[in-house]
Amino acid sequence: MAAEAPDTTRPAPPEPIEAVPVRHPGRWIATAVIAVLAAMFVHMLVTNPVFQWDFMLDNMFTPAVLRGAQTTLIMTVLAMVLGVVLGIVLAVMRLSPNPVVSGTAWTYIWFFRAIPRIVLLFFCANLGAMYGTYELGIPFDQQLMGWLGLSGDLRFLGLDGNQIFAGFTAGLLGLVLSEGAYMAEIVRAGIQSVDPGQVEAANALGMSRGKAMRRIVLPQAMRVIIPPTGNETIAMLKDTSLLIAVPVTTELNFQLRAIGSRTFQIIPMAVASILWYLALSSLLMVGQHFLERRFSRGFGTRETKAQRAARQAREIGNTK
Amino acid sequence: MSDGAQPMVRAEGVRKSFGQVEVLKGIDLDVQSGEVVCVIGPSGSGKSTFLRCINHLEQVTAGRLWVNGHLVGYRERGGKLYELRDKEVSAQRRDIGMVFQRFNLFPHMTALENVMEAPVQVKGVRKADARRRGIELLERVGLAERVHNYPNQLSGGQQQRVAIARALAMEPSLMLFDEPTSALDPELVGEVLDVMRGLAQSGMTMVVVTHEMGFAREVGDKLVFMDDGVVVEVGDPRQVLGDPQHVRTRAFLSKVL
Ligand SMILES: Nc1ncnc2c1ncn2[C@@H]1O[C@H](COP(=O)(O)OP(=O)(O)O)[C@@H](O)[C@H]1O
Ligand SMILES: [Mg+2]
C-alpha cells in the first residue's frame with residue numbers, strides 16, 4: 001500500500017496521545033466535604049428563625065437606609081478623592097530635595113498613621129471647642145498691629161467653629177487627614193517605581209520638573225498606585241461606619257443598627273448591613289477595574305482603538 | 001550668536017566629580033556647527049557624563065561649557081556665576097536633542113504621542129500642527145505604519161528611531177547620541193545608523209558616543225578618543241583609526257577592531 005502511494009504524500013501525522021490521566025482522589029474528597037459543609041450552612045440560614053429574612057428584606061430598603069447608603073458612598077468617594085490629592089502633595093513633598101519640606105511630610109505621615117481613625121474622628125468632632133470661631137487672615141496680626149501702634153486685626157473671614165466641625169464636615173476632615181498619610185506612602189512607592197530615565201528624557205526635551213511629574217511620572221506611577229488604592233477605598237467604605245464617633249447619624253450602618261435596636265431584630269439588620277457593604281464594595285471594584293484598564297495603556301499587548309481602526313483600514317485596502 | 005565662526009559646543013577645562021571621584025578631568029573640545037563628532041573610549045571613561053553635562057543633566061564642577069554661545073546652566077555677570085532656574089535650564093535644553101542608549105520612550109504614549117508631547121507641552125504648538133509634524137517625522141525615520149503603536153509593541157530599532165523623531169520634533173540645533181545602538185540586536189543596528197547618517201547629511205550638528213567604528217569613519221568629521229576622564233586624541237576619524245598617535249588609543253583600538 002505505502003509503496004504505491006505517490007511520493008508527494010507526507011507520512012501520516014502521529015496519532016494523538018491517549019493516556020490514562022492521573023487520578024486525584026484528594027480533590028473528590030475535598031469537594032464532598034465542602035459540599036456537605038455548604039449544605040449545612042444553607043440549611044442553617046433557611047431554618048434558623050433568628051434570620052427573619054422577610055423582616056430583613058422589608059426593612060433594608062427604607063428611605064432612611066437608602067439615604068444612609070448614599071451618605072456612605074458620597075463620604076467614601078469624597079474622602080478618597082481628597083485623600084489621594086493630599087497623598088500626592090505629601091508624596092511629592094517627601095521626595096523633595098529640601099530637607100525641611102520632606103521632613104514636614106515625614107512628620108505628618110508619622111503622626112497621622114499612628115492615630116486610630118475613630119480617635120481622630122472624635123477629636124475632629126470636638127475641634128469646635130478649641131476656638132469659638134475660625135478666622136482667615138494674616139498670621140500674628142494682632143501682635144503685628146500692636147507693634148505698629150495700631151489697633152484692630154487683619155481677618156477677612158470668620159466661621160463658627162461649632163458649625164464647621166459638626167457632622168459631615170468633621171467626619172470628612174478626619175477621614176481625609178488620615179487617608180492622606182496612607183496614600184502618601186502608596187504614591188511615593190508609585191513615583192519611585194518609575195524608571196529615572198523617564199524624567200531624564202522629559203528634562204532633555206525641555207520639560208520642567210513639575211511638568212515631567214504631571215505628564216510623565218504620575219501617569220506611569222498610577223499602574224502601581226491603583227491596586228493598593230482600591231484596597232484603601234474599600235477600607236474607607238468600611239471605615240465610614242466609624243463616623244458614629246462624630247457622630248454622623250445619616251450613615252448606613254447607624255441607620256441599619258437603629259432599626260435593629262428599635263425592633264429588637266438585631267441579627268436580621270446585622271445581616272442586612274453585611275449585604276449592603278458587600279454590594280457597595282462590589283460596585284467600587286467595578287470602578288477599580290476600569291481605572292486599571294485606563295492606566296495600563298502601553299503595558300499590555302491589547303490593541304488600541306486607533307490601532308484597530310488602522311488595521312481594519314489596511315485590511316480593507318488589501319482586499320480591494 | 002550671529003558670529004559664523006562660533007562653535008556649537010565649546011568645552012574649556014570641563015571637570016566633573018561625583019563626591020570624591022573625579023570622572024571628567026579637564027575636557028577641552030570644540031564642535032563646529034554642522035559637524036559630526038564621534039566619541040569613543042573604554043567603558044567608564046566619562047563619555048556619557050560629558051554628554052550629560054552638555055545639556056545640564058549633570059552640573060559641571062569646574063571649567064566652562066558653552067552651547068551656541070550660551071554658558072550651560074549659569075549666567076555670568078560681573079565675573080560671578082549665577083545658577084539658572086529650573087525654567088531657564090529647561091529653555092536651554094529645548095535646543096538640544098538627546099537620544100539614550102535605552103531609548104527612554106514614554107511607555108504610556110503611542111509613538112505619535114511620544115513625538116507630539118514636547119512640542120505641545122513645552123513649546124505650546126497646536127495639537128493639530130504637532131500631529132502633522134509628528135507623522136512627517138515618523139515617516140522620515142521609516143515608521144509611517146507604526147504611529148499608533150505603543151513602545152512595547154515596537155522592536156528595539158523601531159523604538160530608537162521613534163526616540164530620534166521625538167528629539168527632532170523640538171527642532172534642535174544640536175543632537176547628542178549616547179551609544180544609540182548598544183542596546184540593539186545586531187541586525188537592528190543598521191536601520192538606526194541609516195537614520196543617523198541621513199540626519200548628518202541634512203547638516204545636523206551631532207555628538208555621537210558610539211562603538212560603531214564603521215559609522216565613525218564614514219560619517220564622522222572628527223573622532224575623539226576619551227580615556228579616564230580626559231581627551232587623549234582628536235582628529236580625522238580615518239587618521240585616528242588608521243594611524244593612532246597615542247599609545248592608549250592604540251591599545252583601545254587593538255581591543256575593539
Ligand atoms: N551619578 C553618578 N554618581 C556616581 N558616579 C557616577 C555617576 N554617573 C557616572 N558615574 C561614574 O563615572 C564614571 C564614568 O561614567 P560614564 O560617564 O557613564 O562612562 P562611559 O559612558 O564612558 O562608560 C564611571 O566610573 C561611573 O561609575
Ligand atoms: Mg556610557
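Everything numeric in this text was worked out from a predicted model, so none of it was measured. Convention: sequence-line order gives letters A, B, ...; per-chain numbering from 1.
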Chemist: With chain A as the partner, which of B/M98, B/M109, B/E117 has the greatest number of non-hydrogen pairs under 4.5 Å?
Modeler: B/E117
Chemist: Between B/Y74 and B/E88, is a side-chain hydrogen bond (donor to acceptor under 3.5 Å, both in side chains) present by the stated rule, with each step listed?
Modeler: CA-CA 9 Å; B/Y74 301 94; B/E88 296 168 309; over 6 Å; no
Chemist: Side chain, backbone, both or neither: which part of B/A91 has an atom under 4.5 Å from a heavy atom of chain A?
Modeler: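 Neither the backbone nor the side chain of B/A91 comes within 4.5 Å of chain A.
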Chemist: Report all side-chain donor-acceptor pairs from residues 119-130 of chain B shorter than 3.5 Å, counting only partners two or more places apart or in another chain.
Modeler:
residue : atom : partner : partner atom : Å
B/K123  : NZ   : B/M170  : O            : 3.0
B/D129  : OD1  : B/R132  : NH2          : 3.2

Chemist: Among A/E200, A/R223, A/R209, single out the residue with the greatest number of heavy-atom pairs under 4.5 Å to chain B.
Modeler: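 It is A/E200.
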Chemist: Could you grab the distance from atom CG of B/D194 to atom CZ of B/R161, nearest 0.5 Å is fine?
Modeler: 9.0 Å
Chemist: Looking at B/I54, B/N68, B/D95, which hits side chain to side chain contact (heavy atoms under 4.5 Å, CB included) with B/L174?
Modeler: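 Option passing the side chain to side chain contact (heavy atoms under 4.5 Å, CB included) with B/L174: B/I54.
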Chemist: Given heavy-atom pairs under 4.5 angstrom as the criterion, report whether the side chain, backbone, both or neither of B/R52 touches chain A.
Modeler: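 Side chain only.
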Chemist: Under 4.5 Å heavy-atom distance to chain A, tell me which part of B/L57 shows up: side chain, backbone, both or neither.
Modeler: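 Side chain only.
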Chemist: Pick one of side chain, backbone, both or neither for A/D195, based on which atoms fall under 4.5 Å of a heavy atom in chain B.
Modeler: side chain
Chemist: Would you give me the side-chain donor-acceptor pairs under 3.5 Å for residues 100-108 of chain B, sequence neighbours excluded?
Modeler:
residue : atom : partner : partner atom : Å
B/N104  : ND2  : A/G197  : O            : 3.1
B/H108  : NE2  : A/R215  : O            : 3.1

